[in-house]
Amino acid sequence: MHASSADTDADGFTRVVAKGKRGQSSRVPRLPPTPAATVSDSPVNGDSMTRDNGTGTYPQSTVLPGKKRSKNRQRQQQQQRTKSIVETQVESVLEKIESLKSAKFRSALQASLDIVQAFGPEEIVCYGIGSLTTPVSQWQLALVLLINQHLSVDVSAFDPVARPTDCETLGQFDVSIIAENEEGKRSVTRKTLFFMPHCEEFLYNNLLAANWSPEQLARILIVGNRISRYQDTQSSEEFAKKSPYILHALPAAVCTDLPSEKLLGLRNSPYALTDTCVQQFETGGNSIDFTTVSR
């Protein structure tokens, strides 16, 4: 093996000459020293992070243009999916409103509508409609909207399983979202229709407890389960312990059943309005002893 000698020209190239082969040389570029590696992070919260690059400075990190484009594309795709879901749900609810207006069902519904209009609610509060991804929830919302066509009052709703797309769909129908789970404990100051189909027993009991006075119960109209059904599904002792307000309100409850879903003429019943009625409470006289239970 031959040794070699190397000289550096003024132009920054290194001339390498192999000994024993005079006149034969090659010129290769002398590369600048490789800088110390740097690390750049882009946290999901959008805050910039820095790392020492070996010079004692901490340069601001950046997101590569390709990654920005990818995130923007993903965001646009998600927005498009959301828009598609909301449009589909809105269309389905509108179709169901028209079905509820069918001659047989709408005619049978008039008795319930007369009660609602005579009561004169100033707002509608919906508990437990669920996610509008299901036909049952769409039917229930359709009924609320149909009722409100005769009232034109503010409507608000809450369900713990509601998705962002559900909230957007509700917004399309001017239904506002209740910010937190009230667990049915809303104390009313004006006449309120509570729409609570298929809600849990404790929600009805909480609602009555939050309005346990003759004046407040007179301001409540419920479209939901017949509250007496809870008494029929358990022992008297268990019912009195779990739901004392329902128990003591039963003598004053006046119920009018909603029409049968069979009148919709559907091949398969949606079971969205079964066991549902309009209920109000006659608080005059001695029908309710408000001193037996207290808040």
Side-chain angles (χ1 to χ4, degrees), residues 97 100 106 108-129 140-159 170-171 173-228 230 243 245-259 273 275-290 293-295:
I97 291 175
L100 291 173
R106 176 61 181 79
L109 184 66
Q110 188 59 50
S112 298
L113 290 176
D114 289 343
I115 294 172
V116 172
Q117 289 180 287
F119 176 77
E122 299 174 66
E123 67 173 328
I124 298 175
V125 175
C126 305
Y127 292 142
I129 285 183
Q140 292 171 352
L141 176 60
L143 179 59
V144 172
L145 298 175
L146 176 60
I147 291 173
N148 200 38
Q149 287 181 1
H150 300 269
L151 300 174
S152 299
V153 298
D154 292 337
V155 183
S156 58
F158 180 85
D159 195 296
L170 289 170
F173 293 106
D174 294 325
V175 177
S176 61
I177 306 301
I178 299 172
E180 60 183 19
N181 189 351
E182 300 174 341
E183 297 182 335
K185 300 175 183 178
R186 175 175 289 217
S187 179
V188 301
T189 57
R190 56 180 179 170
K191 288 186 176 182
T192 305
L193 188 161
F194 286 91
F195 189 82
M196 305 172 61
H198 302 171
C199 277
E200 297 290 339
E201 178 180 349
F202 79 92
L203 288 173
Y204 290 98
N205 193 66
N206 287 352
L207 178 63
L208 296 177
N211 297 279
W212 197 244
S213 71
E215 296 77 19
Q216 285 185 287
L217 276 189
R219 300 188 192 113
I220 290 177
L221 185 71
I222 299 176
V223 176
N225 302 343
R226 181 183 294 272
I227 59 175
S228 60
Y230 297 114
S243 305
Y245 294 94
I246 296 178
L247 174 64
H248 287 88
L250 281 176
V254 179
C255 304
T256 301
D257 292 329
L258 292 185
L273 309 175
D275 193 32
T276 303
C277 64
V278 180
Q279 298 170 99
Q280 56 188 139
F281 302 92
E282 295 181 345
T283 57
N286 298 319
S287 56
I288 299 179
D289 184 356
F290 288 94
V293 289
S294 56
R295 300 183 190 183

For [X] and [Y], which heavy atoms make the closest approach, and how far apart are they?
X      : Y      : result
Gln140 : Gly128 : OE1-O, 4.2 Å
Ile129 : Cys126 : CD1-CB, 3.8 Å
Leu208 : Ala249 : CD1-CB, 3.9 Å
Thr283 : Pro214 : OG1-O, 3.4 Å
Asn206 : Glu183 : ND2-O, 2.9 Å
Thr256 : Ser112 : CG2-OG, 4.2 Å

Rounded to the nearest 0.5 Å, how far does [atom2] of [Y] lie from [atom1] of [X]?
X      : Y      : atom1 : atom2 : value
Thr189 : Glu123 : OG1   : CD    : 7.5 Å
Leu145 : Ile97  : CG    : CD1   : 4.5 Å
Phe290 : Gln216 : CZ    : CD    : 9.5 Å
Glu182 : Phe158 : CD    : CZ    : 8.5 Å
Ile288 : His248 : CD1   : NE2   : 10.0 Å
Arg219 : Phe194 : CZ    : CZ    : 11.5 Å

Could you tell me whether the side chain of [Y] reaches within less than 4.5 Å of the side chain of [X], counting heavy atoms only?
X      : Y      : answer
Pro121 : Thr192 : no
Leu258 : Leu109 : yes
Asn148 : Leu193 : no
Val155 : Asp174 : no
His150 : Val116 : no
Ile222 : Leu207 : yes

Backbone N or O of [Y] within a donor-acceptor pair of the [X] side chain at under 3.5 Å?
X      : Y      : value
Tyr204 : Met196 : yes
Asp154 : Glu122 : no
Gln279 : Asn225 : yes
Asp257 : Cys277 : no

Above 12 or not: heavy atoms from other molecules or residues under 6.0 Å from CD of Glu200?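 For Glu200, atom CD is not crowded (no more than 12 foreign heavy atoms under 6.0 Å).
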
Tell me, with the steps shown, if Asp275 and Arg226 meet side chain to side chain contact (heavy atoms under 4.5 Å, CB included). CA-CA 7 Å; Asp275 193 32; Arg226 181 183 294 272; 4.2 Å; yes

One pair to check against side chain to side chain donor-acceptor pair (under 3.5 Å): Glu282 and Ser287. What are the steps and the verdict? CA-CA 7 Å; Glu282 295 181 345; Ser287 56; over 6 Å; no

Exactly one of Leu221, Thr276, Leu143, Val125 should register a side-chain contact (heavy atoms from CB on, under 4.5 Å) with Phe195. Which one does?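 It is Leu143; the other options fail the test.
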
Assess the residue pair Ile178 and Arg186 against the criterion (side chain to side chain contact (heavy atoms under 4.5 Å, CB included)); give the C-alpha distance rounded to whole Å, side-chain angles, the decisive distance to 0.1 Å, and a yes or no. CA-CA 11 Å; Ile178 299 172; Arg186 175 175 289 217; 3.7 Å; yes

